[in-house]
Amino acid sequence: MEPDAKSPFTEHLGELRDRLVRSFIAVGVGFAIAYAFKEKLFQILTSPLVTAMEANGNAKMIFTGLPEAFFTYLKVSLLAGIILATPVLFYQFWMFIAPGLYRTEKKYMLPVVILSLFFFVLGSSFGYFIVFPYGFQFFLGFATDTIQAMPSMKEYLSFASKMLLAFGFVFELPLVLTFMARMGLVTVPFLKKNRKYALLLFFVGAALITPPDVITQIMMALPLMVLYEISIIGARIFGRKPIGTPDETDETDEEKETPTDD
């Protein structure tokens, strides 16, 4: 009895290990590919800052330590490798939790993986193309004739990578809340009732994630407000029906009537 009781837990650990290994391999392959284009990738990453600095007459970045440029290129390659591996990472994550779903819910796994990637790219693109130009103009506006901005490679990479990943993950909000609604963890009335608290959390979270300026905080909080409303629509369409409704009853009966090999 005891070995049988422990078997499911050890199987989950084994599956988690295998999926983590596949994820690390995917990131490693992405890193190797990205490292071959490290200079070009860093040039693309710094393009919004360089454009903003050119308007102020200074478009040069610096590095203050001898190995700083080398390690910065390594980190850029790792960041690009993670981005390249996101399809695999999202797939491994959703497939790991798939056994806990009903059979009829598993057919949504492929669309969920695709939508996860879509929202992540959408969030990162929003940060890169919209937030970065306005944010950098705001920061560089403090430069004067005697005070010049001299951003280093390491500092910019740390800032940019944190912001891009943050925007990418916060744009997953509609998918996460819709999935929670499908699992029965949240409902549409619950989301509507707690809308004002969610908005407060968005502004607090934006203040913690973004630099301490109001413009960048608002530019993260406002999309989250829109995404929250999209989440409510998704929860209404795909959320689990109350027990006793035809859809939920049919789904539960189908799961119960599934034949077993035992």
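The main-chain N or O of Leu45 is found under 3.5 Å from a side-chain atom of Tyr156 such that the two form a donor-acceptor pair. A distance-only check finds no donor-acceptor pair linking the side chain of Thr178 to the backbone of Leu175 [under 3.5 Å]. Between the side chain of Glu68 and the backbone N or O of Thr64 there is at least one donor-acceptor pair closer than 3.5 Å. Between the side chain of Thr86 and the backbone N or O of Ile83 there is at least one donor-acceptor pair closer than 3.5 Å.
Expressed to the nearest 0.5 Å, how far NZ of Lys154 lies from OG1 of Thr72 amounts to 8.0 Å. The CZ atom of Phe132 sits 11.0 Å away from the CE atom of Met219 when rounded to the nearest 0.5 Å. Note that CZ of Phe169 is 8.5 Å distant from OG of Ser124, once rounded to the nearest 0.5 Å. Separation of atoms OG (Ser125) and CZ (Phe171) is listed at 9.5 Å; rounding is to 0.5 Å. Here the straight-line distance linking atom OG of Ser158 with atom CE of Met153 works out to 13.5 Å at 0.5 Å rounding. Summarising the geometry, atom CG belonging to Leu201 is positioned 10.5 Å from atom CG belonging to Leu224; distances are rounded to the nearest 0.5 Å.
In the displayed structure, Lys38 atom NZ is contacted under 6.0 Å by more than 12 heavy atoms of other residues, nucleotides or ligands. Around CZ of Phe63, the count of heavy atoms belonging to other residues, nucleotides or ligands within 6.0 Å does not exceed 12. Within 6.0 Å of OH in Tyr91 there are 12 or fewer heavy atoms belonging to other residues, nucleotides or ligands. The number of heavy-atom neighbours closer than 6.0 Å to CG of Leu13, taken from other residues, nucleotides and ligands shown, is above 12.
Taking each heavy atom of Leu117 and Pro87 in turn, the nearest pair found is CD2-CG, 3.8 Å. The shortest non-hydrogen separation linking Leu140 to Ala149 is CD2-CB, 3.4 Å. For the residue pair Ala34 and Ser77, the shortest heavy atom distance occurs at CB-O, 3.6 Å. Contact between Leu74 and Tyr35 at its shortest, heavy atoms only, is CD2-CE1, 3.6 Å. Counting all heavy atoms, side chain and backbone alike, Met61 lies closest to Ser152 at CE-O, 3.6 Å. Of all the heavy atoms in Ala235 and Ala181, the pair that sits closest is CB-CB, 3.6 Å.
Residues Asp18 and Gln92 have side chains not in contact (no heavy-atom distance under 4.5 Å, counting atoms from C-beta outward). At least one side-chain heavy atom of Leu191 sits under 4.5 Å from a side-chain heavy atom of Tyr228. A 4.5 Å side-chain heavy-atom check between Phe167 and Met163 finds at least one atom pair inside the cut-off. Proximity of Met225 to Glu229: side-chain heavy atoms (C-beta onward) are nowhere separated by under 4.5 Å. Side-chain contact between Leu208 and Phe203: absent, with no pair of heavy atoms (C-beta onward) separated by less than 4.5 Å. Within the 4.5 Å cutoff, side-chain heavy atoms of Tyr128 are placed close to those of Leu164. Annotation: side chain of Val131 is not in contact with side chain of Met220 (no heavy-atom distance under 4.5 Å). Residues Leu173 and Phe202 have side chains in contact (heavy-atom distance under 4.5 Å, counting atoms from C-beta outward).
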Self-check item: Residues Glu172, Ser116; criterion side-chain contact (heavy atoms from CB on, under 4.5 Å); working and verdict
Solution: CA-CA 7 Å; Glu172 300 286 339; Ser116 299; 3.8 Å; yes
Quiz item: Should Leu165 and Leu79 be marked as a side-chain contact (heavy atoms from CB on, under 4.5 Å) after you check the CA-CA gap, both sets of side-chain angles, and the distance that decides it?
Solution: CA-CA 9 Å; Leu165 291 175; Leu79 177 63; 4.2 Å; yes
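Side-chain heavy atoms closer than 4.5 Å link hydrophobic residues (I, L, V, M, F, W, Y) into clusters, and following such links, possibly through other members, connects Leu222 to Leu122. Phe136 is not connected to Val50 by any chain of hydrophobic side-chain contacts under 4.5 Å among Ile, Leu, Val, Met, Phe, Trp and Tyr, and they are in different clusters. Residues Phe138 and Ile147 do not share a hydrophobic cluster, defined by chaining ILVMFWY side chains whose heavy atoms lie under 4.5 Å apart. Leu177 and Val188 end up in the same hydrophobic cluster when Ile, Leu, Val, Met, Phe, Trp and Tyr side chains are linked at under 4.5 Å. With hydrophobic clusters built from ILVMFWY side chains whose heavy atoms lie under 4.5 angstrom apart, Phe159 shares a cluster with Tyr73.
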